[in-house]
Amino acid sequence: MRHADAPSLLKESRESAALNPLANVARLGVAGQADSTTRAPVALTVRDFSAWYGSFQAIKSVSFEVRTKRVTALIGPSGCGKSTFLRWINRMNDMVASARAEGTLNLHGIDLLDQRMDVVDLRRRVGMVFQKPNPFPKSIYDNIAFGPRLHRSFRRAELDRLVEQSLRHAALWEEVKDRLHDSALGLSGGQQQRLCIARAIAVGPEVLLMDEPCSALDPQATLRIEDLIRQLRSEYTIVIVTHNMQQAARISDVTAFFYEGALIEAGRTIDLFTKPQKKQTEEYVTGRFG
Amino acid sequence: MSGPDEPLLGREKPAWRRRLIDRLFVIGCVASAFVSVLILVVLLGSIVVRGWGHLDWAFLNHYPSRNAADAGLKAALWGTIWLCATCMILALPLGVGAAILLEEYAPKGLWARRAHSFVELNIRNLAGVPSIVYGIIGLTVFVRCFGLLGNPNQYDQMIRATLANGVVVQGMLVEDRPESVVIDVTGVDGGAAQAEGMSWPTGVEVSLALVQGETEKLLSAKPGEAVSFSIRRDYNLPLDLAFALAPAEEWETPSVLKVDGVFRESRPGLLVLNDPMEGRMEVPTTTVLVRESFAVRTHEFYLRSNEVVRGDSLSIGEKSATLVSGGRARTINRDDIQGYRSIGSLAIGQEESFFYVRLPLGGSVLAGALTLMLVILPVVIISSQEAIRAVPKSLREGAFAAGATRWQMVSRMVLPSAMPGIMTGAILAMSRAIGEAAPLLVVGGFLFITFTPTNVMSDFAAMPLQIYQWASRPQPEFYGVAAAGIIVLVAVLLGFNAAAILIRQKFQKHTR
């Protein structure tokens, strides 16, 4: 059910790309080099997407595609628009009064810029993990159960199972199974972030957005989150914003490099880091600026 | 760019002077802190010294009296409890709701944004409005309802008189003459009907002879004259005037007697009364038009042996009645009783139901509570706003990201997290409400009543008013009584503050 409509969309986006070859500049992968990365169906189609905060243009006509069940990393210096882009995918920017956007942002056939779109349903399908772990001031159990309870009513046993599954998925179950009803605020930073991932998973999303999920964590906790992302890759489409280029190289299949609101280059991570097409990309990934 | 070898720019400040200023500042701080503590200690100390002697259980359990030794705080204490409870029930949902609207539903459009900030500014200004102004608003809006719904004083001027022949006359007080009162029974609910047993023509003026203020004379009134009366709120009459029932045998219409008796219990549709002469009486509430109550101070029994027995507490059995006086109980056989009377404080006719409401509200608990609500609403809104604002943005984002609607986010995330702050603010606001006297005085709080409220339409007294009334009396004994009242008021206030702290800690336990 989840991706049933994806192939038709893939076809449609190819057709539109054929009609407008210029829109294809940042098309993932190199033509004829169809590997497992580029063969996956398209989850998110971005065409000439621009976003503003008031009169400040944060994103300038970006076009690319995010593939299903792949990890897409968005890299770039601070203020380059990558977080703004991420927050448009689940419409978190609705909370900012001055935010507006133009262009096409299409997730599995849903027009994300449509004002009439049901954002509540969208956020159910697109989970988000924030930069700073934000466990709710409730018990570990209630943190996980928060999302599911918003949408459905459960019998106790069903909810118990869902909580356990989600915590197991987030590789946290063994550490917390004996203190499910203790406050989530008593967990360490890394555990809190995995709890947030478990909380996002519990709603049953298709896409997971991660906004610098490791920037507030120590190296060891970071490694555990990265392991977790690799495990989740087979089930979820993951878009991750990161400042850490090594991290992008370690965990992502595809990397998109943003600079001053524009998408400079997007492609297979291995290509982007080893043979970047643009000079700016090369300078950034080799650490000459940023 | 000054290198290590170059001389420093500027002139050196003497170190002793800087140290001296530092020292003086600390001394100044300590002094001002001690002055405030000293004032508080002197204030509380003098009040405690004056009032401690008056402070006992009887003080809390007695109605006010013209006699300083008997004066108590019961009516005012319960009046305040009723007022504040009603006020909180009204103010909390309204205030928290307004705070949620202002904080969580900030509009996007230009004009909506302007309206939003205008409302916010207004609420901040309202917090500074003197409470007497709210009293005037309360008087116009709640007590009088802009005069659109009739005269609230119609209830004040209601008079009810029991004639010696047992007929009860109830109607509007038209005129209060030295020797008689004039009652108009037209247009009064049950006015004419109350005079059952007699075909009383409506619209007729009934003149009743009565001697104002002279209880004993009233009781010795000859048959044909009024032997008892009760009146609602007439400032010309001393309100603690003794209220008396005539000896039962003088009544000719026994059916009227059924409304007089010692209240025993109230069952669905039935009011059970005890009467020393008649025994147990069951009155269907449908036949009760007005239920009057009065606080009995003394019962007097006239025995067939011409002996008169007095006592203060009374229990009535099937065959005998027991009277307690000065710690000694005396049981009297019913057959020996020739007549009895109960002397009590005048009480005002209370309507039956707990849910009784009428418009205009008049000087009722509800009108007082609504007025106090106006006084504290800005404080409740502002403190709730602060509490809601203190909830981290990350929690809101987390809830939204999980697919919460705005209401789910508010009810499951913001309100639980903000609850300690909201409760603290609400209880501090309530502390303010407890101490308010001015608006209640305007709205019509009583300085002297001898009953406790039974529903939100009851008349009420309040502790600050009672204290003010005592303190303004010429007799020096009342200063002590006023001081004792202040001690109780301060104790209740401190109790509320303690509750605020406890509630805050209880809620925070879950969040830490």
Side-chain angles (χ1 to χ4, degrees), chain A residues 86-87 89-100 118-139 142-152 181-186 192 195-196 198-205 207-211 216, chain B residues 100-120 386-424 503-512:
Chain A
L86 198 70
R87 293 166 65 89
I89 301 177
N90 71 342
R91 291 277 294 268
M92 282 311 269
N93 277 327
D94 286 11
M95 290 171 75
V96 182
S98 63
R100 64 190 172 86
D118 181 3
V119 290
V120 166
D121 188 57
L122 170 71
R123 288 169 186 161
R124 191 176 170 177
R125 300 175 61 174
V126 182
M128 187 160 193
V129 177
F130 295 86
Q131 183 171 1
K132 204 168 153 253
N134 60 344
F136 301 148
K138 300 172 185 287
S139 70
D142 287 336
N143 260 275
I144 307 297
F146 182 87
R149 276 178 180 150
L150 295 173
H151 307 290
R152 304 158 68 86
H181 296 283
D182 292 359
S183 171
L185 303 181
Q192 287 186 358
L195 180 79
C196 292
R199 197 173 69 195
I201 291 171
V203 187
V207 181
L208 276 180
L209 308 176
M210 299 190 180
D211 190 357
Chain B
I100 289 171
L101 176 78
L102 289 172
E103 287 301 311
E104 300 293 341
Y105 291 80
K108 283 187 175 181
L110 178 67
W111 286 102
R113 275 213 311 276
R114 284 185 184 168
H116 183 266
S117 53
F118 181 70
V119 169
E120 276 220 34
E386 303 286 344
I388 289 170
R389 211 173 296 158
V391 176
K393 195 179 160 213
S394 66
L395 294 186
R396 290 192 178 84
E397 286 190 331
F400 275 136
T405 61
R406 199 168 282 269
W407 166 243
Q408 285 175 324
M409 189 275 291
V410 167
S411 63
R412 300 182 189 206
M413 188 57 57
V414 172
L415 280 185
S417 306
M419 201 43 88
I422 290 175
M423 292 310 288
T424 311
I503 287 172
R504 190 167 48 195
Q505 281 177 344
K506 185 180 174 302
F507 273 102
Q508 277 174 350
K509 214 182 289 168
H510 295 295
T511 57
R512 291 236 165 116

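Naming convention: chains lettered A, B, ... in sequence-line order (proteins, then strands); numbering from 1 in each chain.
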Checking A:Val203 against chain B: side chain, backbone, both or neither under 4.5 Å from a heavy atom? side chain
Over all atoms of both residues, closest heavy-atom pair of B:Gly403 and A:Val120: O-CG1, 3.2 Å
Pick whichever of A:Arg199, A:His151, A:Met128 has the most heavy-atom pairs under 4.5 Å with chain B. A:His151
So for atom OH, which belongs to B:Tyr105, do other residues, nucleotides or ligands contribute more than 12 heavy atoms lying within a distance under 6.0 Å? yes
Go through the atoms of A:Val119 and report whether side chain, backbone, both or neither lie under 4.5 Å from a heavy atom of chain B. neither
Check this for me, if you would: do B:Glu397 and A:Arg87 make a salt bridge, where the nitrogen-to-carboxylate-oxygen distance has to be below 4.0 angstrom? yes
Is the closest side-chain heavy-atom distance between B:Arg412 and A:Leu150 below 4.5 Å? yes
Measure across B:Met413 and A:Pro137 and return the closest heavy-atom pair with its distance rounded to 0.1 Å. SD-CD, 4.4 Å
Roughly how far apart are B:Phe400 CZ and A:Asn90 CG, rounded to 0.5 Å? 11.5 Å
Okay, A:Phe130 and chain B: the region with an atom under 4.5 Å from a heavy atom over there is side chain
Please check if the side chain of A:Asn134 supplies one atom and the backbone of B:Ser394 the other of a donor-acceptor pair under 3.5 Å. yes
Taking all atoms of both residues into account, what is the closest heavy-atom pair of B:Leu395 and A:Pro135, and its distance? CD2-O, 3.6 Å
Work out which heavy atom in A:Phe146 is nearest to a heavy atom in B:Ala402; give both atom names and the distance. CD2-CB, 4.3 Å
